[in-house]
Each structure stands twice: as structure tokens, then as C-alpha cells.
Amino acid sequence: MTEPSTQQPRRSPLPPTDTDSGGRSTVPLDSTAQLLTRITAQLGTQLSLVSRNGTRRPMHRTRPSDTLRPSAVPRPSDTLRPSDTPRPSPAEAAPPTLLVVAHGSRDPQALRTVLALLDRVRDLRPGLDVRLGHIELNQPLLPDTLDGLRGSDAVLVPLLLGRGHHVKHDLPAAAAAAPSVRTRIAAPLGPHPLLVEALYGRLVEAGWDPADEGGRRAAVVLAAAGSRDPDSAQDTRRTARMLAERLGGVPVVPAYASAATPTVPAALRALAARGRHRTFVASYFTAPGRFASAAASAAPRTAAVPLGAHPAMARLLLHRYDQALSATAPSEMVSLLASA
């Protein structure tokens with residue numbers, strides 16, 4: 001009788017295998033899990049050598065000991081299932097429409113100018129739905145644009161330069177008449193430093209020389225449409241002061257084409273009486289129209305063109321849009337319209 005060997009059987013580095021009915025080896029489920037765990041660990045090691053911009057990190061930045069520690073191997077419970085993957089909310093996928101509200105004009109150049117401005121806005125923020133609505137005189141009218149946004153969110157950004165009847169009454173009335181659209185109303189464009197930059201740029205295009213800044217003969221008339229609303233006149237005066245600072249202290253006198261005084265010719269005469277003979281007219285209009293043409297005809301030299309599609313105007317429209325979105329409470333919206 002042979003003595004049983006005391007030598008222990010040699011252990012295989014792999015778990016024992018089973019055989020199927022055909023005699024072929026099969027790997028048990030627990031071995032499959034181990035293999036997947038090893039593959040996951042190796043992939044994690046390789047990916048750790050790649051930076052976010054796709055370049056390979058130097059080897060010294062990765063400690064080999066970190067890739068071999070058992071704790072570095074992810075457990076199945078630590079991984080995200082497909083259903084756990086974060087998905088963008090509807091608000092992130094589709095931000096509210098930016099609805100630019102223009103006044104409207106019979107001048108055919110006005111609509112072309114506004115459309116060019118909207119194209120600049122779209123270039124600055126691709127993917128944002130940007131639409132146009134007019135208060136009067138041009139298509140599409142504001143109620144028609146709102147009708148095409150039923151069930152959607154929209155921010156009404158007035159292409160208007162100050163607080164007045166249109167901002168305080170016409171826009172809220174149009175929004176109330178479209179209850180199927182969830183609307184917010186942004187503040188008017190002015191006063192704002194971006195608006196001053198657009199005015200300055202148009203003056204330079206018209207021949208303003210920075211050497212005139214601080215000169216005793218130079219002056220600027222800020223020609224605006226005019227309004228009977230005292231808040232509108234206050235906004236225009238504030239813009240005039242900001243433009244004067246931008247011009248290095250050159251006098252800037254607000255003047256109006258209607259509803260307020262002084263008129264543009266009267267302001268030019270007053271400046272000439274003070275020895276300010278090198279005067280320019282800055283067109284405080286968003287687009288060409290009857291009032292802008294009347295102001296330009298009174299200028300002693302070439303008047304600046306309306307603000308139009310100046311790059312600063314596109315940035316300002318987006319700023320007012322973002323500002324309205326950040327003001328979530330109704331009281332904040334009232335504050336925006338009151339103080340701009």
C-alpha cells in the first residue's frame with residue numbers, strides 16, 4: 001500500500017474551470033467578475049495618463065503604487081448605471097427666447113438695420129432663439145410674434161433707449177394679452193456704459209478726433225427722440241453725462257426731436273454762443289427714421305449715424321436679457337424697469 005504524498009498540490013493562479021457536456025472549459029461567474037474588475041483597473045490606469053485636452057501626462061505624475069492598490073479598483077456599486085447618468089433639464093436645453101421689441105419705422109433702412117443687429121446677437125450666442133416684434137409700423141408686430149411662442153418662455157428686451165410710455169405701458173400690456181407665453185420684460189437699453197461705447201464709436205466714424213477731447217471749441221449734441229415722461233428725459237441726461245466723461249470732459253448737451261426741449265438746432269445755437277463751434281451731433285436712435293433724419297439735417301457737419309448694429313449694441317441686448325433672467329422675483333423686475 002502506497003503512502004499518501006505529503007506534498008501539497010500546486011495551486012493554479014486561475015480558479016478551477018468546469019466543463020460542459022462537450023468537454024469544453026467554462027469559466028464560473030465569479031471568475032468573470034474578477035476578470036472584468038482587472039480590465040476596469042487597467043483601463044483606469046491608462047486613462048489616468050491622459051489629460052483633459054487629450055495629451056499624455058508624463059509618467060512621473062502618476063504613482064504606480066496608486067494603480068495597484070486594491071482600493072483603487074472601482075466596485076460595481078460605484079459605477080453609474082445608464083439611468084443614473086445626469087441629463088440636462090428642459091431649461092438648460094432650451095433657454096427662453098430673446099424677443100427684441102423695436103418701435104418700427106416707415107424708413108425701409110430701419111428694418112434692415114434691426115435685422116442686422118439681431119444677426120450679431122445670434123453670432124454672439126449661437127443656439128439662442130432670437131426673434132423680433134414691432135410696436136407699430138413694421139412686421140412682425142409684437143402680438144403676432146408672441147402668438148407664435150405659445151407655451152414657451154420669452155424675455156422681452158426693448159430696443160428702446162430709456163423709460164417711457166412704450167416700456168412702462170405698451171410692453172406690459174402686450175405681455176398680459178399673451179397669457180399662453182411665460183414672459184419677462186427686461187430694462188431698456190439706456191443708460192449703460194455699453195451704450196456710451198456705441199455712441200463714441202459712431203462719433204469717431206463721423207470724424208470725431210480724440211484730439212478734440214478737452215478742447216475749448218468742441219462740443220456734442222446728443223439728439224434723442226424725446227418723450228413727455230420725465231423718467232425718459234432723466235435717462236437721456238444721464239447718458240449725456242456719461243458720454244461727456246467718455247470724451248474727456250467735452251460738453252454734451254441733450255436735445256430732442258419732439259415732445260421736449262431744447263431742439264437740436266436750438267442746442268447747436270446755444271453751444272455756438274459759448275464759442276463751441278466744432279460741434280458734432282450724436283444720433284441717440286437705435287435705427288434710421290424720421291427723427292434721426294431731422295437731427296442729422298440740422299448738424300453743421302456730418303452727423304453720426306444711428307447706433308444700429310454696432311457690436312456694443314448686440315452685447316447690451318444680451319446683457320439686458322441675462323439681467324432679466326437673473327431677476328426671479330416680480331419686485332426685482334420692477335426695480336430693473338425703475339432704475340435700469
Side-chain angles (χ1 to χ4, degrees), residues 96-105 110-111 113-118 120-121 128-146 149 153-178 181-196 198-199 224-236 238-239 259 283-289 291-292 306-310 312-327 330 332-340:
T97 295
L98 193 170
L99 175 48
V100 177
V101 183
H103 183 276
S105 171
L111 180 57
T113 300
V114 174
L115 291 176
L117 175 59
L118 266 60
R120 280 193 178 274
V121 173
L128 178 63
D129 184 19
V130 181
R131 304 197 187 190
L132 175 63
H134 291 93
I135 296 173
E136 59 181 0
L137 300 176
N138 286 115
Q139 299 292 335
L141 292 172
L142 178 57
D144 296 332
T145 304
L146 287 170
L149 291 170
D153 297 286
V155 178
L156 278 60
V157 182
L159 191 61
L160 303 168
L161 301 175
R163 296 167 293 172
H165 182 82
H166 295 310
V167 171
K168 293 181 179 180
H169 301 282
D170 291 344
L171 268 64
V181 184
R182 295 175 294 274
T183 58
R184 303 184 187 194
I185 301 176
L189 299 185
H192 195 274
L194 283 172
L195 199 58
V196 173
L199 285 166
S227 171
R228 293 183 178 87
D229 191 310
D231 287 336
S232 178
Q234 179 182 348
D235 291 342
T236 304
R238 183 179 170 191
T239 299
S283 296
Y284 198 41
F285 305 98
T286 58
F291 288 159
L307 299 166
H310 191 280
M313 292 287 287
R315 291 162 53 201
L316 182 52
L317 282 170
L318 285 170
H319 171 71
R320 291 305 193 199
Y321 170 83
D322 293 334
Q323 190 179 38
L325 285 182
S326 65
E332 294 181 62
M333 296 301 300
V334 172
S335 175
L336 283 177
L337 294 174
S339 59

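In what follows, residues are counted from 1 in the order of the sequence shown. Heavy atoms only: backbone and side chains are in, while hydrogens, waters and symmetry mates are out. Here the structure is a predicted model, which means the values were calculated and not measured.
The closest side-chain heavy-atom distance from Leu159 to Leu317 is below 4.5 Å. Val100 has its side chain out of reach of Val121: every pair of non-hydrogen atoms, C-beta onward, lies at least 4.5 Å apart.
Looking at residues two or more places apart in sequence or on another chain, you find a side chain to side chain donor-acceptor pair (under 3.5 Å) between Thr239 and Tyr284. Not counting sequence neighbours, the partners of Asp153 by the side chain to side chain donor-acceptor pair (under 3.5 Å) test are Arg182. Listed by chain and number, the residues in a side chain to side chain contact (heavy atoms under 4.5 Å, CB included) with Glu136 are His103 (sequence neighbours excluded). Legend: residues meeting side chain to side chain contact (heavy atoms under 4.5 Å, CB included) with Arg131, ordered by chain and number and at least two apart, are Thr97, Leu99, Asp129, Thr145, Leu149. Qualifying side chain to side chain contact (heavy atoms under 4.5 Å, CB included) partners for His169, counting only residues two or more places apart in sequence or in other chains: His165. Judged as a side chain to side chain contact (heavy atoms under 4.5 Å, CB included), and not counting sequence neighbours, the contacts of Leu128 are Pro95, Leu98, Arg125, Val130, Leu318, Tyr321.
To the nearest 0.5 Å, atoms CZ (Arg238) and CG (Asp231) are separated by 12.0 Å. Leu189 CG to Thr286 OG1: the interatomic distance, rounded to the nearest 0.5 Å, is 8.0 Å. Atoms CG and CE, on Leu117 and Met313 in that order, are 6.0 Å from each other to the nearest 0.5 Å. Interatomic distance, NE2 of His192 versus NE2 of His319, reported as 3.5 Å (0.5 Å rounding). In this structure, Leu160 CG and Ser232 OG are separated by 9.5 Å, a value rounded to the nearest 0.5 Å. Separating the OG1 atom in Thr236 from the CZ atom in Arg163 is a distance of 10.0 Å, to the nearest 0.5 Å.
The backbone N or O of Ser105 lies less than 3.5 Å from a partner atom in the side chain of Asn138, making a donor-acceptor pair. Formation of a donor-acceptor pair under 3.5 Å by the Arg120 side chain with backbone atoms of Ala309 is found in this model. Counting only distance, with no hydrogens or angles, the side chain of His134 and the backbone of Leu141 share no donor-acceptor pair below 3.5 Å.
For the pair Val155 and Ala186, the tightest heavy-atom approach, listed with the atom from each and the gap, is CG1-CB, 4.3 Å. Shortest non-hydrogen contact noted between Ala225 and Phe291 is CB-CD1, 3.8 Å. For the pair Ala174 and Leu142, the tightest heavy-atom approach, listed with the atom from each and the gap, is CB-CD2, 3.5 Å. Residues Gly162 and Val167 come closest through the heavy atom pair O-CG2, 3.6 Å. Among all heavy-atom pairs drawn from Pro288 and Ala110, the shortest one is O-CB, 3.3 Å. Closest approach of Leu325 to Pro96, counting heavy atoms only: CD2-CG, 3.8 Å.
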Problem set entry | Thr183/Leu171 under side chain to side chain contact (heavy atoms under 4.5 Å, CB included): CA gap, chis, key distance, verdict | CA-CA 10 Å; Thr183 58; Leu171 268 64; over 6 Å; no
Exercise. Stepwise, does the side chain to side chain contact (heavy atoms under 4.5 Å, CB included) test hold for Leu111 with Leu132?
Worked result: CA-CA 10 Å; Leu111 180 57; Leu132 175 63; 4.0 Å; yes
